[in-house]
2 protein chains.
Amino acid sequence: MATIKDIAKLSGFSIGTVSRVINNRADVSPATREIIERVIREQNFQPNTNAKRLKQTMFSPVTIIVKGIGNTFLEAVLEEIQINMYLHGESINVTFLDERANCVAEAVKIIAAQNPKGLIFLGGSINNFRKDFKAVQVPSVLATGNASMLGYDNLSSFTTDDYRAAADAVEHLVQAGHRRIGILGGYPESWPEDIGALRLSGAVNALESGHADFVKDRDYEPCAFSLQGGYNAARNLLRRTPDLTALFAIGDLVAVGALKGLQDNGYRVPQDISVIGFDGIPFASYTNPRLATIKQDISLLAKRTVEDLLLRMNYQRPVLHETIPYYFVEGESIAVRHSSV
Amino acid sequence: MATIKDIAKLSGFSIGTVSRVINNRADVSPATREIIERVIREQNFQPNTNAKRLKQTMFSPVTIIVKGIGNTFLEAVLEEIQINMYLHGESINVTFLDERANCVAEAVKIIAAQNPKGLIFLGGSINNFRKDFKAVQVPSVLATGNASMLGYDNLSSFTTDDYRAAADAVEHLVQAGHRRIGILGGYPESWPEDIGALRLSGAVNALESGHADFVKDRDYEPCAFSLQGGYNAARNLLRRTPDLTALFAIGDLVAVGALKGLQDNGYRVPQDISVIGFDGIPFASYTNPRLATIKQDISLLAKRTVEDLLLRMNYQRPVLHETIPYYFVEGESIAVRHSSV
DNA sequence: ACTGATCATGAAAACGCTATCATAAAATTA
DNA sequence: TAATTTTATGATAGCGTTTTCATGATCAGT
């Protein structure tokens, strides 16, 4: 690899002048510039970024740490974040963490390795933050979860009110006349436990305190947060508890899998059994029947995340903890049931 | 930010000794080590990676350049690559490029900025490589396309034989008795033109040289490579050419959208119209009816990509250009049509 | 107690670059 | 022509590390 010193020697000028050419400084004579540029081209010279950064204490682009590759919802958020960043003229850099990794401990390593201007956490669990986050010295946002109780002064958070939204979801089923409602959940390991736990407890509480007849051991089936997970769980739950008339899936991925699992096992949706999901992933509008779901406002979530991070990167500002609204999306996967009970 | 010098001063030792502690060298007395480690902890000191890298001429992790965020197929490949890299103990770094970006020109910037050990291109078009690739000095792989004709000695490529696979896809429709077959395509801008063009010409040629009655202007509808694109295109094409009995969609995303578009417009799949896709994305097995498709061997593609890159990163090896096998996946979206024509 | 080996530590050079300052040459002005 | 400004360039001091080499202290063996 050629260095600036080589270019200087070969072109007959000093490294200072070569540096000026590299950085397009004005005070270089055209003739000199041309010679040096030719040598640079000939040698295929690329200035060493580490040296440059060391001197200038520069930073890398905002890094987004995604835990759980393959999660369509997170990918949709990521896509929106990328668009927003692009609009602000910022580029991004994404690191996918293994599901098993401790989100923040790994993130600290990444910070050390790349020195990013800012950090966005996508899909990590709150619990990961309790211990290790203090070492993170960079403006950060938790884009899917509520970090207000942690009280860190460089970690904002934006999230849907998962507890209330899940309660709303089952409420919609109750409104439609359903009294025997099952829940398809997520294993803690494969799904950020806080969000999963919030949705689960939101739904369970709403059912137990409402007019429905709900017994967790009988009517709840945990599963991997995936298509396959939903497919299997729906079948297993209905085999165990055949009198259910509706299912709440803790995520759309699970719901789409469940839809197919039900259909493959001879259940008609929604005539035999209704289904509602959670998240509002793009595919949810393209299933047959179209999936009813709780749609998180992905683009607002991304917009607020980017706005806050950029603001705090450039000015001294307090962190923010906001709740993003959600919407019920009607679908053909819910049938009205005339109360026969 | 504390530097190693601060730690040295505060602990009363020299920077050399502090460096030895940081790097877990053996020749430091336990007492000294403890003192220095305490100071490091107190000061929340993180060694500056740029300085470290400069001294050691280290490199950043393999960087994957993905053009076209939101493309489910590429995300599936990405997921497999990440798994394979993880198995080899390598971490990765992903940069999502705007659709409009020139893949290689951007890559050069990334190299300048990050100095990665290796580079994987996902979803970029071959044409992007013709001009700028010479400046890329790093072992690289084009994971979705054939770069053999370019003859670069640091760019391997792995790809499905898109031309032949697309021909096979329509052949399956012909085998099932269809003679009036439409094609749902992709706009060059939103889909790597080479792959799109290959699939299109493969399908068109197979139809024109086969027993089918195909007229491109009448039976082909270009569309964005997205669910929405397929949804609209299917409707438009059938409005224009109502006597089609089968559709080949140039990608599963388009096919899934088409499925819904057809159903929403009163067509039954497959009784009224058959559909076959291309790619083999996970969602394709969860549609109703299940989508017939040409499945690329995503995990093999990822495996070979990673193997080759790692090998060439560590040893002097010639580049490889391999074709990855593909499979026809049966689905309920194709009906057998008894030749009435 | 005296030599030679071992150990813990410090001093300083180097990594490749940028930026400041100094300086010689050229251009402008009086 | 002398005095002044402008311009192009070179020399050099860092940036924060690692690493080599040198040095003084401790230790074992006679």
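If you're wondering where the values come from, they're calculated on a predicted model, not measured in any experiment. Proteins get letters first, then strands, A, B, ... in listed order; numbering begins at 1 in each.
The side-chain contact (heavy atoms from CB on, under 4.5 Å) test with Lys303(B) singles out one residue from Asn84(B), Ile324(B), Leu87(B), and that residue is Asn84(B).
Listed nucleotides dT17(D), dC17(C), dT19(D) differ in distance to Lys52(A); the shortest reach to its side chain belongs to dC17(C). Distance from the side chain of Thr17(B) is smallest to dG10(C) among dG10(C), dT18(C), dT18(D). Side-chain atoms of Lys55(A) lie closest to dG14(D) of the nucleotides dT17(D), dG14(D), dG16(C). The Ser29(B) side chain lies nearest to dA8(C) when the options are dA8(C), dG16(C), dC15(C). Among the nucleotides dT9(C), dT9(D), dA12(C), the one closest to any side-chain atom of Asp27(A) is dT9(D).
Looking at heavy-atom distances under 4.0 Å, Arg20(A) makes contact with a base. In this structure, Thr32(A) reaches the sugar-phosphate backbone alone: every heavy-atom distance under 4.0 Å involves primed, P, OP1 or OP2 atoms, never a base.
When each of Ser19(A) and Pro30(B) is assigned the nucleotide of DNA chain C with its nearest heavy atom, Pro30(B) is the one assigned upstream, toward the 5' end. Comparing Arg25(A) and Arg33(B), the nucleotide of DNA chain C nearest to each residue sits closer to the 5' end for Arg33(B). Taking for each of Leu54(A) and Ile15(A) the nucleotide of DNA chain D with the nearest heavy atom, the 5'-most of the two is the partner of Ile15(A).
A salt bridge between Lys117(B) and Glu90(B) is present, with a side-chain N of the basic residue lying under 4.0 Å from a carboxylate O of the acidic one.
Taking CZ of Arg304(A) as the reference point, atom OG1 of Thr159(A) lies at 14.0 Å (rounded to 0.5 Å).
The side chain of Asn23(A) contributes an N or O atom lying less than 4.0 Å from OP1 or OP2 of dT18(C). Dashed line: the shortest gap from a side-chain N or O of Gln56(A) to OP1 or OP2 of dA19(C) is under 4.0 Å. Lys5(B) has no side-chain polar atom (N or O) that falls below the 4.0 Å cut-off from OP1 or OP2 of dG16(D). Remark: Ser14(A) is in phosphate contact with dG10(D), judged by side-chain N or O atoms under 4.0 Å from OP1 or OP2.
Within 6.0 Å of the CD atom in Glu34(B), the count of heavy atoms belonging to other residues, nucleotides or ligands does not exceed 12.
Aromatic ring pairs are classed by plane angle as parallel below 30°, tilted from 30° to 60° and perpendicular above 60°; the pair Phe133(B) and Tyr152(B) is tilted.
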